[in-house]
2 protein chains.
Amino acid sequence: MTGADVEVKLRESGLRVTRQRVAVLTVLHDHPHTDTDTVIRRVREVAGDVSHQAVYDVLRALTDAGLLRRIQPTGSVARYEVRVGDNHHHVVCRSCGAIADVDCAVGHAPCLTPSDHHGFVIDEAEVTYWGVCPTCAAAAAS
Amino acid sequence: MTGADVEVKLRESGLRVTRQRVAVLTVLHDHPHTDTDTVIRRVREVAGDVSHQAVYDVLRALTDAGLLRRIQPTGSVARYEVRVGDNHHHVVCRSCGAIADVDCAVGHAPCLTPSDHHGFVIDEAEVTYWGVCPTCAAAAAS
DNA sequence: AGCAAGACTTGATTTGTTCCAGACAAGCGG
DNA sequence: CCGCTTGTCTGGAACAAATCAAGTCTTGCT
């Protein structure tokens with residue numbers, strides 16, 4: 001994803017193109033599942049001084065616009081990733097909190113249909129797999 | 001679930017039986033998906049003065065012991081429910097945050113197997129359905 | 001009944017996040 | 001290129017959720 005691609009995405013969503021927004025999208029494209037604090041640090045590396053409010057504002061604005069997806073596994077702080085259309089899921093390490101992408105088991109949202117939906121109108125099924133990552137498994141074995 | 005049942009469960013898990021722990025388990029049995037703050041209030045209703053720290057400690061201890069399950073949908077605070085063996089899932093209202101139980105789509109944990117697990121050793125698949133509850137849907141329609 | 005580990009209390013502290021208000025800067029349509 | 005609108009900055013302040021620390025009490029074993 002180039003800076004130009006990011007610009008187009010922003011415009012398509014009716015959002016102005018600013019240095020800060022481009023930086024946030026670029027950072028999250030290169031490093032998915034990043035928490036807010038790390039986003040702030042990385043944004044400053046590529047775009048110079050940016051206030052922490054600006055980053056919070058941008059994350060909120062882009063999430064509302066549907067360009068970002070906010071994920072927050074139990075016990076973790078908020079993390080963000082660029083929203084892509086593939087409806088993928090996540091596997092989280094119980095030991096170190098590492099997150100990896102996993103393709104959807106079926107293919108399109110909602111990829112699962114509950115037996116009894118209690119009258120809810122369901123538009124998405126989010127799956128989180130819990131386990132232990134290879135690194136932590138190796139560390140535990142020794 | 002009677003107080004005696006709760007006592008047995010605690011002892012089976014090697015935990016001491018205290019007023020606070022019995023109260024927490026009872027409250028969560030009667031009101032699943034309750035957030036920490038509400039647990040504290042309800043515990044105080046049934047068991048008199050209990051420090052908020054004690055409730056946090058109890059929730060942690062019982063979760064570690066496997067008697068409770070902690071759930072935390074994106075954008076929500078931590079909620080707890082008594083852990084039952086049926087591996088059910090949850091449907092969450094995007095509008096008001098209401099949570100309802102949903103039976104597992106397949107039947108046993110892990111009830112879904114990802115195509116590419118990236119070397120992770122997976123022991124559980126947690127599914128969160130997102131949608132709008134009947135109440136909010138009705139309110140939006142009017 | 002006595003004892004020690006474990007559980008609880010009190011109170012302060014940290015962490016992540018949001019809100020505020022006014023001044024300034026920048027994007028984009030005309 | 002001008003001006004309106006939107007976004008960002010400074011920098012505080014406030015917030016709720018959760019955790020830490022030290023001392024006191026209680027449970028359950030002997």
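Each chain gets a letter, A, B and so on, in the order the sequences are listed, and its residues count up from 1. Fair warning: this is a prediction, and the values are worked out from it, not measured in the lab.
- In this structure, A:Q72 atom CD and D:dA16 atom C1' are separated by 13 Å, rounded to whole Å.
- With respect to B:R94 and A:E124, a salt bridge is recorded, a charged nitrogen being found less than 4.0 Å from a carboxylate O.
- Between A:D49 and B:D37, the residue anchored nearer the 5' end of DNA chain D, judged by the nucleotide with its closest heavy atom, is A:D49.
- Of the candidate nucleotides C:dA7, D:dG12, C:dT9, D:dG12 has the atom lying nearest to any side-chain atom of A:Q53.
- Residue B:L15 is the one, among A:R11 and B:L15, whose nearest nucleotide of DNA chain C lies closer to the 5' end (criterion: closest heavy atom).
- Of the side-chain N and O atoms in A:R21, one or more sit less than 4.0 angstrom from OP1 or OP2 of D:dT8.
- Aromatic rings from A:H33 and A:H31 are positioned such that their centres are separated by 6.0 Å or more.
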Taking distance alone, no hydrogens or angles, what donor-acceptor pairs closer than 3.5 Å link side-chain atoms of residues 45-63 of chain A to residues at least two apart or in another chain?
| unit_1 | atom_1 | unit_2 | atom_2 | d |
| --- | --- | --- | --- | --- |
| A:S51 | OG | A:A54 | N | 3.1 |
| A:T63 | OG1 | A:L59 | O | 2.6 |

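- In this structure, B:H52 and B:V17 both approach DNA chain D, and ranking their closest nucleotides by distance from the 5' end singles out B:H52.
- No path of Ile, Leu, Val, Met, Phe, Trp and Tyr side chains, each step under 4.5 Å between heavy atoms, connects A:I71 with A:L68, placing them in separate hydrophobic clusters.
- Here the C1' atom of nucleotide C:dG16 and the OH atom of A:Y56 are 5 Å apart, to the nearest Å.
- Relative to the side chain of A:S51, the nucleotides D:dC9, C:dT9, C:dG27 differ in distance, and D:dC9 lies closest.
- The nearest whole Å value for the distance from the CD1 atom in A:I40 to the C1' atom in C:dT18 is 13 Å.
- The listed nucleotides are C:dT17, D:dT8, C:dT9; the one nearest the side chain of B:Q20 is C:dT9.
- In terms of phosphate contacts, B:T18 brings no side-chain nitrogen or oxygen within less than 4.0 Å of OP1 or OP2 of D:dT26.
- Between C:dA26 and A:R19, no contact under 4.0 Å exists linking OP1 or OP2 to a side-chain N or O.
- If you take CG of B:D57 and C1' of D:dA22, they are 14 Å apart, rounded to a whole angstrom.
- When the side-chain nitrogen and oxygen atoms of B:T36 are compared with OP1 and OP2 of D:dA18, one or more of them lie within a distance under 4.0 Å.
- Listed candidates were C:dC8, C:dT17, C:dG6. Nearest to the side chain of B:R16 is C:dG6.
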